[in-house]
Amino acid sequence: MAKQKIQAPKGVSEYVPPRSSAFEFVRECLINPARKAGYLPIELPVFEDTELFTRGVGESTDVVSKEMYTFEDRGGRSITLRPEGTAGVMRAVIEHGLDRGQLPSKLWYAGAFFRAERPQAGRYRQFYQVGIEAIGLDDPAIDAEVIAIADAGFKAIGLNKYRLDLTSLGDAHSRAAHRIDLVAFIAQLDLDEATRARAAINPLRLFDDKRPEIRDAMNNAPLLMDYLSDSSKQHFAKVKSYLDALGIAYTLNPKMVRGLDYYTGTTFEFVHELLGAQSGIGGGGRYDGLMSELGGQELSGIGFGLGIDRALLAAEAEGVITSDSFASDLFIIPLGDLAKEKALLIASELRAAGKTIEIAFGDRALKGAMKGADKSGARFVIVLGDTEITTQSVELKEMKTGSTSSVKIDSLLGAL
RNA sequence: GUGGGCGUAGCUCAGCUGGUAGAGCACUCGGUUGUGGUCCGAGAUGUCGCGGGUUCGAGCCCCGUCGCUCACCCCA
């Protein structure tokens, strides 16, 4: 073959047939519940002014401090490939005055995100997310609805083996008070230097440590949940009761840590059982200070980001995606030039009626064309030759059973 | 950024203590006239990741390099 083959950049996820169909299916499953809840699409650039993320996501987060693809454009501006979606949506909402009309502003997006990390199972440098944001309303009912939308997406895919972790991070005052006590608690632990450095950046991180000795040590650490203000507690209690009413099961996880600084109040994460180390298939929460931090009004919002790549991995691990759901309805095998013309015509009419039709072009032997039809997984096959054209009638063969029936070309649509 | 595993046909891999490469799947054609999935036959495909070294001789040994992969960190 050729000389030097050029490969895809390190750590990117690519989807080629046949798996790309499954990817598309998962993506649509995750978007649809948002559409049905009245969320509207928003298409944003994949690169933004770097400052959007340093300010919005938080300088101290790993995402900003070491995982961003940042470069200078030709005008000397610092540009960053978006590492997450919420900050960009807030920027656009402020810039286009979407916060001036009726609230909440409800938006969904789907697309690629970028993080310069070491790749791993379920972790890519370019990955895909579906996200929604509901801006300008702090009713606990919308918190529950946002969670229900995410859950409906995973259910639509057919996923079962996942759980929902739920907590409340409270307001700024609650967090400040808790942080003082937590830092004091950590100070009296016997920790190695690296761990201490991590704790200095974000003490909550220690709750997430995978080492058993650290987990044990953190068992007696003060929990943020115990520092919540009355209003935060009430809000959270309502979120839980709405979820109960919806029959959405959740696990209270007061030790949950989120990687982005802007989260406040209700915070959640969907975790799949069958995935490897990167088992979070989606997460989100409320963000009270983000809009104003980015120069907008003091509006609260809530949203989520769901990992399409990981949801697909989870679906494959559960074996819930069946490939025949992507197959064509009918496969037409034309014999001869006139038949090709006729096949084109029949196909375009049936396609206009919503059917998926493939035609075997290329003058292959009938046997080969039949094989092609078989491989494609198409439900039905017809052979179109001179006889069929003169009689206006075809043998409609159902591939799964092998049975055939005589059908007029005009009534093919009804027979499919 | 740190550690482990692995790089052989399109794919999954085999290749024993070094003797210049194989299987299965997939693909193409055929097993007489226009109907697939099974079976049988035939065929095509590799600078064994790349570079250097040891050796009469290396896919197998040594060094380097690149890539992939899993895990840590962190997260979707």
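Proteins come first, then strands; the chains are lettered A, B, ... in the order of their sequence lines, and each starts at number 1. This structure is a prediction, so every number in the text was calculated from the model and none was measured.
- Heavy atoms of A/Tyr128 sit nowhere under 4.0 angstrom from any nucleic acid atom.
- Distance, A/Leu313 CG to B/rC70 P: 9 Å, rounded to whole Å.
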With a 3.5 Å cut-off and sequence neighbours excluded, list the donor-acceptor pairs that the side chains of residues 357-368 of chain A form with protein atoms.
from: A/Glu358; atom 1: OE2; to: A/Ser328; atom 2: OG; distance (Å): 3.0
from: A/Asp363; atom 1: OD1; to: A/Lys340; atom 2: NZ; distance (Å): 3.3
from: A/Arg364; atom 1: NH2; to: A/Gly368; atom 2: O; distance (Å): 3.2

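- Using a 30° and 60° split on the angle between ring planes, A/Phe113 and A/Phe127 fall in the tilted class, from 30° to 60°.
- Residue contacts for A/Gly402: at a heavy-atom cut-off of 4.0 Å it reaches a base atom on one of the strands shown.
- Looking at heavy-atom distances under 4.0 Å, A/Glu67 makes contact with sugar-phosphate atoms alone, never a base.
- Of the possible polar contacts, none joining the A/Glu318 side chain to the A/Ala315 backbone as a donor-acceptor pair under 3.5 Å is found.
- Between the P atoms of B/rC50 and B/rG59, the separation comes to 11 Å (whole Å).
- Remark: the separation of the P atoms in B/rU8 and B/rC13 is 9 Å, to the nearest Å.
- Evaluation of atom-type donor-acceptor distances gives no pair under 3.5 Å for the side chain of A/Arg118 against the base of B/rC70.
- Taking atom CG of A/Asp62 as the reference point, atom C1' of B/rG1 lies 11 Å away to the nearest angstrom.
- Between the side chain of A/Ser279 and the backbone N or O of A/Leu275 there is no donor-acceptor pair closer than 3.5 Å.
- Residue contacts for A/Thr61: at a heavy-atom cut-off of 4.0 Å it reaches no nucleic acid atom on any strand shown.
- The main-chain N or O of A/Ile346 is never found under 3.5 Å from a side-chain atom of A/Ser348 such that the two would form a donor-acceptor pair.
- No donor-acceptor contact under 3.5 Å links the side chain of A/Lys66 to the base of B/rG1.
- As rounded to the nearest Å, B/rU20 and B/rC25 have P atoms that lie 26 Å from one another.
- Taking the six-membered ring for Trp, A/Phe270 and A/Phe154 have ring centres closer than 6.0 Å.
- Centroid-to-centroid, the aromatic rings of A/Phe268 and A/Tyr250 stay 6.0 Å apart or farther.
- If you measure from atom CD of A/Gln120 to atom C1' of B/rA76, you get 13 Å, rounded to the nearest angstrom.
- Judged by ring centres under 5.5 Å apart and planes tilted less than 30 degrees, A/Phe127 stacks against the six-membered base ring of B/rA76.
- Residues of residues 361-374 of chain A having a heavy atom closer than 4.0 Å to RNA chain B, listed by number: A/Arg364, A/Leu366, A/Lys367, A/Met370, A/Lys371, A/Asp374.
- For B/rC70, its base never sits under 3.5 Å from the side chain of A/Arg123 at any donor and acceptor pair.
- Nucleotides B/rA9 and B/rG49 have their C1' atoms positioned 14 Å apart, rounded to a whole Å.
- With rounding to whole Å, A/Lys210 atom NZ is found 11 Å from B/rC75 atom P.
- Contacts of A/Arg198 with the nucleic acid, taken as non-hydrogen atoms under 4.0 Å apart, involve only primed sugar atoms and P, OP1 or OP2.
- In this structure, A/Lys10 atom NZ and B/rG67 atom P are separated by 6 Å, rounded to whole Å.
- Checked by distance alone, A/Glu388 brings a side-chain donor or acceptor within 3.5 Å of a matching partner on the base of B/rG34.
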Under the 3.5 Å Watson-Crick or G-U criterion, the dot-bracket string of RNA chain B, with | for inter-strand pairs: (((((((..((((........)))).(((((.......))))).....(((((.......))))))))))))....

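- When the P atom is compared between B/rC63 and B/rC27, the two are found 43 Å apart, to the nearest whole Å.
- In this structure, A/Lys375 places its NZ atom 9 Å from C1' of B/rG36, rounding to the nearest Å.
- Results of the side-chain hydrogen bond (donor to acceptor under 3.5 Å, both in side chains) test with A/Asp329 over A/Arg351, A/Lys355, A/Arg379 single out A/Arg379 as the only residue that passes.
- For an aromatic pair to be called close, the ring centres must be under 6.0 Å apart, and A/Tyr128 with A/Phe23 satisfies this.
- With both ends at atom P, the span from B/rU35 to B/rA44 equals 29 Å, rounded to whole Å.
- Here the side chain of A/Arg258 is nearest to one of B/rA76, B/rA71, B/rG36, namely B/rA76.
- Distance check on atom C1': B/rC6 versus B/rU12 gives 14 Å, rounded to whole Å.
- Positionally, the nearest nucleotide of RNA chain B for A/Gly385 lies more toward the 5' end than for the other of A/Ala277 and A/Gly385.
- When each of A/Pro119 and A/Thr387 is assigned the nucleotide of RNA chain B bearing its nearest heavy atom, the one mapping closer to the 5' terminus is A/Thr387.
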Trace of the side chain to side chain contact (heavy atoms under 4.5 Å, CB included) decision for A/Lys10 with A/Arg125: CA-CA 8 Å; A/Lys10 189 184 186 71; A/Arg125 291 185 168 183; 3.6 Å; yes

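- The nearest whole Å value for the distance from the CD atom in A/Glu117 to the P atom in B/rC73 is 13 Å.
- Ion pairing of A/Arg198 with A/Asp209 is present here, as a side-chain N (NZ or NE/NH1/NH2) and a carboxylate O approach within less than 4.0 Å.
- Among the atoms of the strands shown, base atoms are found under 4.0 Å from some heavy atom of A/Arg115.
- B/rG64 sits 16 Å from B/rG7 when the C1' atoms are compared, rounded to a whole Å.
- For A/Glu395 and B/rU35, the CD to P distance is 12 Å, given to the nearest whole Å.
- A side-chain contact (heavy atoms from CB on, under 4.5 Å) with A/Ser168 is found for exactly one of A/Thr264, A/Val239, A/Leu228, namely A/Leu228.
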